[in-house]
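Before any comments, here is the structure.
Scope of the values below: all heavy atoms of this structure, side chains included, with no hydrogens, waters or symmetry mates.
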Amino acid sequence: QVQLVESGGGSVQAGGSLRLSCAASVDIRVIDYMAWFRQAPGKEREGVASIYTRNGVANYVPSVKGRFTISQDNGKNTVYLQMNSLTPEDTAMYYCAAGRIWNIALSLKAGEYNYWGQGTQVTVSS
């Protein structure tokens with residue numbers, strides 16, 4: 001069983017930055033993939049960024065490329081999401097997920113993940 005605890009959400013003005021953290025209860029390198037998803041009210045859960053924890057290769061949804069960066073700290077069993085140049089469209093509940101996925105092409109699909117955190121709210125005002 002893998003437990004994930006997110007932190008770092010909050011309210012920020014457009015153009016600002018936030019860094020989300022996701023602490024795992026196990027060595028993240030044995031999980032294969034960790035990812036960040038977000039869900040705005042009335043919308044489906046969307047994969048934002050994923051990372052293959054064995055080598056750090058990342059994958060991003062096009063809308064966040066160049067603005068968001070996913071990274072990992074193996075010593076802390078933690079994955080981060082640095083979010084820059086935030087816009088009101090980034091407002092959502094952000095969830096951390098972990099799972100054993102065999103193909104990076106599947107790494108932004110919510111159904112591929114077995115373990116989820118409780119979520120942290122990000123609100124961006126204009």
With a 4.5 Å heavy-atom cut-off, do Leu81 and Arg19 have their side chains touching? no
First locate atom CZ of Arg100, then atom CD of Glu112, and finally report the distance between them rounded to the nearest 0.5 Å. 14.0 Å
Would you find a donor on one side and an acceptor on the other, under 3.5 Å apart, between the side chain of Tyr33 and the backbone of Asn103? no
Using a 3.5 Å distance criterion without hydrogens, assess whether the side chain of Thr123 forms a donor-acceptor pair with backbone atoms of Ser11. no
Can Leu20 and Tyr80 be said to form a side chain to side chain contact (heavy atoms under 4.5 Å, CB included), step by step? CA-CA 5 Å; Leu20 306 183; Tyr80 303 97; over 6 Å; no
For residues Tyr95 and Thr120, determine if any side-chain heavy atom of one lies less than 4.5 Å from a side-chain heavy atom of the other. no
Going hydrophobic residue to hydrophobic residue with side-chain gaps under 4.5 angstrom, can you get from Ile70 over to Tyr115? yes
Are any side-chain N or O atoms of Glu46 and backbone N or O atoms of Gln39, one a donor and one an acceptor, separated by less than 3.5 Å? no
Exam field: side chain Tyr113 to backbone Ser107, donor-acceptor pair closer than 3.5 Å: yes
Are any of the side-chain heavy atoms of Leu4 and Met34 separated by less than 4.5 Å? yes
Can you tell me if CD on Gln121 sees more than 12 non-hydrogen neighbours from other groups inside 6.0 Å? yes
Met93 side, atom CE; Lys43 side, atom NZ - distance, nearest 0.5 Å: 15.5 Å
Assert yes or no for the condition that the ring centre distance of Phe37 to Trp116 is strictly below 6.0 Å. yes
So the disulfide (SG to SG under 2.5 Å) pairs with at least one residue in residues 28-72 (sequence neighbours excluded) are none
Looking only at heavy atoms, which two atoms of Ser21 and Thr78 are closest? And how far apart? CB-CG2, 4.2 Å
Exam field: side chain Thr53 to backbone Asp32, donor-acceptor pair closer than 3.5 Å: yes
Nearest heavy-atom neighbours spanning Ser125 and Pro88: C-CG, 4.4 Å
Treating Ser63 as the side-chain partner and Val61 as the backbone partner, does any N or O pair qualify as donor plus acceptor under 3.5 Å? no
Are the side chain of Ser25 and the backbone N or O of Val2 linked by a donor-acceptor pair below 3.5 Å? no
Go through Asn77 and Val26 one step at a time and tell me if the side chain to side chain contact (heavy atoms under 4.5 Å, CB included) criterion holds. CA-CA 7 Å; Asn77 291 328; Val26 300; over 6 Å; no
Who pairs with Ser17 by side chain to side chain donor-acceptor pair (under 3.5 Å), at least two apart in sequence or on another chain? Asn84
Pair Val57-Ile51, side chain to side chain contact (heavy atoms under 4.5 Å, CB included): steps then yes or no: CA-CA 6 Å; Val57 173; Ile51 189 165; over 6 Å; no
Please identify which of these residues, Val122, Thr69, Asp90, Val124, meets the side-chain contact (heavy atoms from CB on, under 4.5 Å) condition with Met83. Val122
Using a distance-only test with no angle check, is there a side-chain donor-acceptor pair under 3.5 angstrom linking Arg38 and Tyr94? yes
Are Ile104 and Tyr52 linked, directly or through intermediate hydrophobic residues, by side-chain heavy-atom contacts shorter than 4.5 Å (ILVMFWY only)? yes
Same cluster or not: are Ile101 and Tyr60 linked, directly or through other Ile, Leu, Val, Met, Phe, Trp or Tyr residues, by side-chain heavy atoms under 4.5 angstrom apart? no
Student check: side-chain heavy atoms of Leu86 and Leu18 closer than 4.5 Å: yes
Between CZ of Arg29 and CD1 of Ile31, what distance do you get to the nearest 0.5 Å? 11.0 Å
How many angstroms lie between atom NZ of Lys76 and atom CD1 of Ile28, to the nearest 0.5 angstrom? 12.0 Å
Show me the pairs that pass disulfide (SG to SG under 2.5 Å) and involve residues 7-96, at least two apart or across chains. Cys22-Cys96
